[in-house]
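Chain letters run A, B, ... following the sequence lines, proteins first, then strands; residues in each count from 1.
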Amino acid sequence: MNGKKFYITTAIVYTSKVPHIGNTYEAVLADAIARFRRAQGFDVYFLTGTDEHGQKIQDQAKAEGQTPQAHVDAVAGEIRRIWDFMNVSYDQFIRTTNSSHMEIVQKIFKKLYDQGDIYQGSYEGYYCKPCESFFTETQLKDGCCPDCGAKVERASEEAYFFKMSKYAPALEQYILDNPDFIQPESRKNEMLNNFIRPGLQDLCVSRTSFDWGIPVSFDSKHVIYVWIDALSNYITALGYDPDGNSGELFNKYWPANVHLIGKDILRFHTIYWPIMLMALGVELPKQVFGHPWMLFGEDKMSKSKGNVVYAEQVVKLFGVDATRYYMLREMPFASDGSFTYEQIMTRYNGDLANILGNLVSRTHAMTLKYFDSIVPAPGEGAPLDDELRAVAEKALADAVEDMKTLHVADAIDDIWTLLRRTNKYIDETTPWTLAKSEDSRPRLATVIYNLIESIRFAAALLAPFLPDTAARIRAQYNLPEAGIETLAWGALEAGTTLGTAETLFARIDEKALAEQVAAVHAAENEKKEPEKKAPETEKPEGVAMIDIADFAKVSLRVAKILACEPVPKAKKLLKLTLDDGEVGRTIVSGIAPWYKPEDLIGHSVIIVANLKPAVLRGVESQGMLLAADAGDNDVRVIFADGIPAGSSIH
RNA sequence: CGCGGAGUAGAGCAGUUGGUAGCUCGUCGGGCUCAUAACCCGGAGGUCAGAGGUUCAAGUCCUCUCUCCGCAACCA
């Protein structure tokens with residue numbers, strides 16, 4: 001123990017659905033970092049958990065015919081089971097429905113209110129249930145939620161707001177003074193330029209539209225909205241107390257060394273969360289790392305695309321450690337990675353079976369054959385031995401260095417450099433030749449000793465990433481558990497007897513795998529189908545009936561496109577000059593991704609002639625043209641060629 | 001000109017302060033037999049997106065252009 005503490009957290013998982021492999025990745029990544037720090041002698045505290053409040057959960061529980069509590073108990077249990085299953089070594093699994101968490105959050109809210117950082121106001125706009133977000137009229141997409149496409153409702157509610165702008169200058173200063181605070185670096189400018197510098201909006205921190213949440217202690221109509229509730233978990237878990245009686249854990253571990261989160265919620269963690277802490281007078285976390293996403297092939301995983309992969313499906317085929325290995329080794333540091341079965345197959349056979357597994361196996365076999373499974377004492381060293389030792393020590397140093405900056409994939413690569421070099425060492429020293437003559441016995445002993453020593457090094461370095469595999473290697477070689485900080489070449493004890501040989505990773509046949517993949521997916525999908533359906537069907541897709549009088553209010557008319565040009569500084573907009581049979585008009589339409597100006601000029605279209613004009617990107621649009629949403633990002637303009645301009649439509 | 005990132009062998013990526021372009025996979029050829037048809041060596045394959053500039057020297061610095069991505073804006 002070197003007396004240094006290390007507090008790491010993951011984002012808490014929303015308990016609306018079972019996490020897919022991309023979500024699981026975050027937990028495994030945090031686990032690898034936590035284990036590595038522990039092996040280095042840090043006093044580590046690793047927090048993960050679930051975010052269990054909100055309207056979406058309330059609605060979903062209702063749809064399932066159970067209480068919200070029963071719903072979140074089930075999902076949280078499932079998430080925790082997966083984490084355990086993946087060998088995630090968290091110290092605490094916090095749930096935002098824990099009474100201790102809820103009490104502290106109420107106190108935090110009250111304190112912020114009492115000191116004037118939170119005030120009462122009202123919120124007006126369009127509300128999207130699934131996203132639990134308000135949108136202004138201009139944010140809507142075809143009258144629907146711009147994020148998820150669901151129908152929105154006009155709503156207004158009394159709400160509490162957090163005065164964000166007050167702390168913006170201090171936050172900007174903190175970000176500039178602490179260059180490592182936001183990682184990867186590219187995100188830092190994004191936050192500063194897009195949000196902080198243009199001016200922060202006050203944040204709405206309460207809701208009255210649902211009640212599955214933590215009540216505001218002094219105003220029971222209100223429930224504390226996600227930000228204060230969820231983000232606070234990082235300190236409530238440690239027993240923070242706004243009244244100044246924080247617990248031992250808090251005093252010991254806060255501030256967090258790393259908040260590991262998905263890149264999508266970086267904004268909340270690098271702006272709202274630090275500001276909350278400043279308001280509370282609490283020290284800010286040292287680093288927020290927004291890790292990239294794991295995509296399926298080229299696509300983002302999503303249920304609607306039907307390409308969701310669950311960690312357990314992969315584990316069924318490759319095992320826990322191979323799945324961990326793949327996630328940790330294949331994901332780049334700053335850009336999105338992709339999951340494909342071909343890739344994991346290549347990694348499995350190439351890295352795990354051939355390079356690692358085979359090395360462990362052949363060395364074990366030689367020790368058995370030449371020394372009756374007893375670790376021989378080394379003799380005099382040769383240049384080749386020194387070289388191997390140097391590579392081992394460099395792998396250790398490099399891995400430590402890479403892990404400092406959370407370059408996990410690179411750290412793993414460092415270990416494989418050692419493994420490759422060790423395989424090469426066997427070819428260079430040819431133990432089977434040495435074994436032929438009694439004269440070269442001492443040399444053979446040295447070679448075997450060095451091989452086992454190299455494997456011992458690798459096993460120690462591997463342990464944070466592949467804990468189970470490392471343990472199996474130690475068992476086969478009868479090695480004690482070793483830390484990383486204390487790892488020293490030559491500390492391997494001679495004279496001990498090896499354990500039983502065991503295949504670490506059996507090679508997988510490509511064809512057989514393809515069949516298994518299909519089988520696992522079929523089974524999973526069948527199992528998941530019924531429960532998956534329930535929450536999705538709750539959204540009514542229909543539009544209310546209107547009578548003929550309503551329709552008569554809409555003036556539809558044919559117009560001919562005379563000219564068309566892109567709107568400057570707008571990606572999606574085209575400016576159309578139309579002959580509508582009268583004075584002519586200009587319409588701006590968001591069809592640039594699908595149509596070029598020359599595709600449209602000369603054609604006739606149907607327009608809504610009496611729509612209130614609006615200014616889009618500085619250009620006034622006097623109406624809209626009709627286009628069909630042909631699904632899956634395909635928009636088609638409805639042409640009315642041949643019909644005279646100005647004809648009205650009923 | 002809204003902010004930022006990226007364009008390097010068939011694929012996926014490294015290339016720190018400018019000094020012979022590298023790694024893994026794949027491919028072709030060879031070696032070895034301790035081992036999981038594994039392991040080791042070698043070859044082929046790159047005008048480092050394009051154009052200009054600074055320099056004795058540019059993947060690396062400067063300017064411009066093109067393409068892709070993230071965020072923001074935007075879809076009457």
Side-chain angles (χ1 to χ4, degrees), chain A residues 137-144 146 184-195 197-198 263-264 266-267 290 292-293 329-330 332-338 340 342-343 345-347 349-370 407 409-410 413 416-417 419-435 444 447-448 451 501 503-509 567-574 587-594 607-608 610-627 629 635:
Chain A
E137 191 164 353
T138 56
Q139 286 176 314
L140 299 181
K141 183 179 178 183
D142 304 326
C144 294
E185 174 100 34
S186 61
R187 301 275 160 190
K188 182 169 90 184
N189 297 323
E190 203 172 296
M191 294 303 140
L192 283 171
N193 293 327
N194 288 331
F195 300 103
R197 284 173 185 155
K263 62 177 188 178
D264 50 328
L266 207 65
R267 185 166 136 199
W293 278 334
R329 178 70 183 77
E330 197 68 32
F333 179 70
S335 54
D336 291 343
S338 71
T340 69
E342 289 77 16
Q343 280 173 16
M345 168 91 187
T346 306
R347 286 284 178 202
N349 278 344
D351 296 357
L352 296 175
N354 295 351
I355 295 175
L356 171 63
N358 184 43
L359 172 66
V360 167
S361 163
R362 65 200 297 211
T363 302
H364 194 283
M366 286 190 281
T367 313
L368 168 66
K369 201 168 192 172
Y370 306 140
H407 283 74
D410 293 335
D413 197 48
W416 255 259
T417 301
L419 294 172
R420 287 176 211 281
R421 187 62 188 81
T422 309
N423 270 318
K424 184 173 171 173
Y425 178 83
I426 297 180
D427 270 55
E428 291 168 337
T429 52
T430 58
W432 50 91
T433 309
L434 297 174
L444 180 62
V447 166
I448 296 296
L451 281 173
T503 300
L504 291 176
F505 299 96
R507 283 181 61 82
I508 292 179
D509 178 68
V567 174
K569 290 190 285 186
K571 235 182 226 169
K572 294 184 151 187
L573 303 180
L574 288 181
I587 282 182
V588 177
S589 181
I591 52 173
W594 301 278
I607 62 166
V608 178
N610 61 342
L611 199 66
K612 219 164 51 176
V615 177
L616 297 173
R617 272 286 173 198
V619 181
E620 189 180 57
S621 178
Q622 303 151 328
M624 70 185 273
L625 65 84
L626 298 190
D629 187 350
V635 171

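- Counting heavy atoms from C-beta on, the side chains of A:Arg362 and A:Leu451 never come closer than 4.5 Å.
- Protein atom CE of A:Met624 is 10 Å distant from nucleotide atom C1' of B:C75, rounded to whole Å.
- Here the side chain of A:Ser361 is nearest to one of B:A72, B:G31, B:A35, namely B:A35.
- Between the CG atom of A:Leu434 and the C1' atom of B:C32 there is a distance of 14 Å, given to the nearest Å.
- The structure places CG of A:Leu444 at 8.5 Å from OG1 of A:Thr429, a figure rounded to the nearest 0.5 Å.
- A:Ala365 comes within 4.0 angstrom of the backbone, heavy atoms only, and of no base.
- Under the Watson-Crick or G-U wobble criterion, with both distances below 3.5 Å, B:G4 is paired with B:C69.
- Here A:Phe505 lies in heavy-atom contact (under 4.0 Å) with a base.
- With rounding to whole Å, A:Arg329 atom CZ is found 14 Å from B:C23 atom P.
- Of the nucleotides present, B:G10 is the one that pairs with B:C25 by Watson-Crick or G-U wobble criteria, both distances under 3.5 Å.
- Among the heavy atoms of the strands, none lies under 4.0 Å from A:Leu359.
- Among B:C34, B:U36, B:C41, the nucleotide with an atom closest to any side-chain atom of A:Thr503 is B:U36.
- As a whole-Å value, the separation of A:Asp427 CG from B:A35 C1' is 11 Å.
- A straight line from CZ of A:Arg507 to P of B:A35 spans 16 Å, rounded to a whole angstrom.
- Atoms CG (A:Asp509) and C1' (B:A37) sit 12 Å apart, rounded to a whole Å.
- Nucleotides B:U47 and B:U8 have their C1' atoms positioned 12 Å apart, rounded to a whole Å.
- Rounded to whole Å, the C1' atom of B:C56 lies 12 Å from the corresponding atom of B:G18.
- Among the nucleotides B:C25, B:U36, B:C39, the one closest to any side-chain atom of A:Asn354 is B:C39.
- To the nearest angstrom, P of B:U33 lies 16 Å from CD of A:Glu428.
- Taking atom P in both B:G26 and B:A37, the straight-line distance is 15 Å, to the nearest Å.
- When distances are taken from the side chain of A:Arg420 to each of B:C40, B:G12, B:A38, the shortest belongs to B:C40.
- From A:Thr367, atom OG1 reaches atom CD1 of A:Ile448 across 5.0 Å, with rounding to the nearest 0.5 Å.
- Counting to the nearest Å, the P atom of B:U36 and the CE atom of A:Met345 are 18 Å from each other.
- The CG atom of A:Leu368 sits 12.5 Å away from atom OG1 of A:Thr363, with the distance rounded to the nearest 0.5 Å.
- Taking atom P in both B:C23 and B:G5, one finds a spacing of 29 Å when rounded to whole Å.
- Side-chain atoms of A:Trp432 lie closest to B:U33 of the nucleotides B:U33, B:U36, B:C39.
- Separating the C1' atom of B:G46 from that of B:U20 is a span of 15 Å, rounded to the nearest Å.
- Across the C1' atoms, B:G12 and B:A6 are found 15 Å apart, a figure rounded to whole Å.
- Comparing B:U24, B:C34, B:U36 against the side chain of A:Met366 picks out B:C34 as the nearest.
- Here the CG-CD1 distance, from A:Leu359 to A:Ile426, works out to 5.5 Å after rounding to the nearest 0.5 Å.
- Of the candidate nucleotides B:C41, B:C39, B:C34, B:C41 has the atom lying nearest to any side-chain atom of A:Lys424.
- A donor-acceptor contact under 3.5 Å is not formed by the side chain of A:Asn358 with the base of B:A38.
- Using a 4.5 Å heavy-atom threshold, the side chains of A:Arg347 and A:Leu352 count as separate.
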